[in-house]
Amino acid sequence: MNKETFIRENCPDRRGTTCSKWDILSSKYGDPDLISMWVADMDFKAPEEVTRALRKKTDFGIYGYSLTPDGYYRSFIRWEKERHGWDVNRDWIRFAPGVVTGIFWCIHMLTNPGDAVIIHMPVYYPFHHAVEDTGRRLIYSELVNTKGVYTIDFQDFEKKIVDNKVKVFILCSPHNPVGRVWTEEELETMLAICKAHHVTVISDEIHHDLIIGSRPHIPTATVKNGGYSDLIITLTSASKTFNLAGMKNSFVIIPGETLRKKFDALVLNLHEDTGNMLGYYAVEAAYTYGRQWLDTVLSVIRDNYEYIRNRIQNELPLAVLSPLEGTYLAWLDLSGYLGKADENGMKHFVQEKARLAVDYGQWFGAGGNGFIRLNLATSPLWVKKAVDGLVLASQT
């Protein structure tokens, strides 16, 4: 199926379907008529094989207690091996309803109230919540922004760990929102620092299949042939890859036996070790049959990124678009058009003039002021309208 046909058949109007992305605009942004470019949720239908698998289960008509299908694990293990070269052992895999929930669980498991947890900023804002809402101390090391390209200040990162006796590091790989896919050298440097100071790593790799640039994703637990795997908990899911967030299903991968035992003890207290029956079959079908679908979607996202990059270069010369290596989220610096505008001025430019609903950079913490995050996993029509709006806003 070519891209034009795919878009025409798989990108329906979602308004009025109780989807968060479009139907929350009135309550969240105060305007139901904005172009929704915010939350990381695709506007594409899931692979047809997923719908077919769900239909088969629903047609059976019994929704009682269910075992986890063996194919669910086999499909994921095969996917990780073929797509990322990671040999995941079945015994390492645990369940969480979602990656964010899994992060909260791990924070409870690994730390006590008052303990320090470090993150890089700007970063996906639930990382902040997982630390602050559980009574832990939020420590951050700000990423270095060089004309839109982000790198890690390793000296600052290590100093913050030592000075604050940090217990846990939450890593975002690929990084949301700045779009970086970390190199093996960068990952190894971070892990070596963490190992030297007895810091456990929670690695959020939910966007690991969404590689837009040429650099491949490297699973954190495989760095230096797995030499750091005992200190790493990896969280990932099919939810971003195949647009299955509503299925409430994610993987917690724990190679280290000591950490696995801690996690199992936590889950025993939570009494929450299995997921939604339909979610298991959706995930199995996606990993088994969804390769071609994903390749098409990635091609559409790359086209959307190239379109927005070209138009920004030509029509918004004061804006800076970060290179998109991973995720489907464009990170755009609009500070050149905002001057000294405060938060209200930013909203005036983006919502009232450009007519967009976006994730605002300040939501992501230090280094995010003046930025917006745009979701490119949508129809090119919406991307065009979004850029049209930004260009118009810059001229008025």
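At least one side-chain heavy atom of Thr68 sits less than 4.5 Å from a side-chain heavy atom of Tyr73. Side chains of Leu25 and Trp38 form a contact here, defined as non-hydrogen atoms less than 4.5 Å apart.
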query = Do Arg309 and Glu306 pass the salt bridge (Lys or Arg N to Asp or Glu O under 4.0 Å) test, and can you show the C-alpha distance, the side-chain angles, and the key distance before you say yes or no?
reply = CA-CA 5 Å; Arg309 184 176 67 87; Glu306 288 301 319; 2.5 Å; yes
request  = Please step through salt bridge (Lys or Arg N to Asp or Glu O under 4.0 Å) for the pair Asp41 and Arg14, ending with a clear verdict.
outcome  = CA-CA 12 Å; Asp41 180 324; Arg14 300 175 67 192; 3.0 Å; yes
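Ser237 places no side-chain N or O within 3.5 Å of a backbone atom of Ser250 that could act as its donor or acceptor partner. For the pair Thr222 (side chain) and Ile218 (backbone), a donor-acceptor distance under 3.5 Å is absent. Formation of a donor-acceptor pair under 3.5 Å by the Asn225 side chain with backbone atoms of Gly227 is not found in this model.
For an aromatic pair to be called close, the ring centres must be under 6.0 Å apart, and Tyr150 with His120 fails this. Less than 6.0 angstrom separates the ring centroid of His208 from the ring centroid of His84. For Phe371 and Tyr360, the distance between ring centers is not under 6.0 angstrom. Between Tyr72 and Phe251, a ring centre-to-centre spacing shorter than 6.0 Å is recorded.
Side-chain atoms of Ser203 and Thr220 form a donor-acceptor pair, as typed in the model, at a separation below 3.5 Å. At a cut-off of 3.5 Å, with distance as the only test, no side-chain donor of Tyr328 or Asn304 sits close to an acceptor on the other residue. Between Glu352 and His348, the side chains place a donor N or O and an acceptor N or O closer than 3.5 Å (distance only, hydrogens not considered). A donor-acceptor pair shorter than 3.5 Å can be found between the side chains of Lys3 and Ser299. Using modelled atom types and a 3.5 Å distance limit, the side chains of Thr51 and Glu48 yield no donor-acceptor pair.
Across all their heavy atoms, Met190 and Phe154 have their closest contact at CG-CE2, 3.7 Å. Taking every heavy atom of both residues into account, His217 and Pro174 meet most closely at ND1-CD, 3.8 Å. Shown here for Leu329 and His207, the closest heavy-atom pair between the two residues is CD1-CE1, 4.1 Å. Considering all non-hydrogen atoms of both residues, Lys45 and Glu9 come closest at NZ-O, 3.8 Å. Among all heavy-atom pairs drawn from Glu205 and Thr236, the shortest one is O-OG1, 3.0 Å. A pairwise comparison of heavy atoms in Tyr29 and Leu34 identifies CB-CD1, 3.8 Å as the closest pair.
Applying the salt bridge (Lys or Arg N to Asp or Glu O under 4.0 Å) rule to pairs touching residues 131-158 yields Asp156-Lys160, sequence neighbours excluded.
Using bins of under 30°, 30° to 60° and over 60° for the plane-to-plane angle, the ring pair Trp86/Trp92 lands in the tilted bin. Using a 30° and 60° split on the angle between ring planes, Trp293 and Phe242 fall in the tilted class, from 30° to 60°.
Using a 4.5 Å cut-off between side-chain heavy atoms of Ile, Leu, Val, Met, Phe, Trp and Tyr, Val162 forms no hydrophobic cluster with any other residue.
By the 6.0 Å and 45° rule, Arg74 does not stack over the aromatic ring of Trp79.
Residues satisfying the salt bridge (charged side-chain N to carboxylate O under 4.0 Å, His left out) test with Lys384, not counting sequence neighbours, are Asp388. Here Trp382 pairs with Trp22 under the ring pair (Phe, Tyr, Trp, His ring centres under 6.0 Å) rule; sequence neighbours left out. With sequence neighbours left out, the salt bridge (charged side-chain N to carboxylate O under 4.0 Å, His left out) criterion links Asp70 to no other residue. The ring pair (Phe, Tyr, Trp, His ring centres under 6.0 Å) check on Phe263 picks up nothing, with sequence neighbours excluded.
Residues Arg355 and Asp31 are paired through a salt bridge, judged by an N-O separation under 4.0 Å between the basic side chain and the carboxylate.
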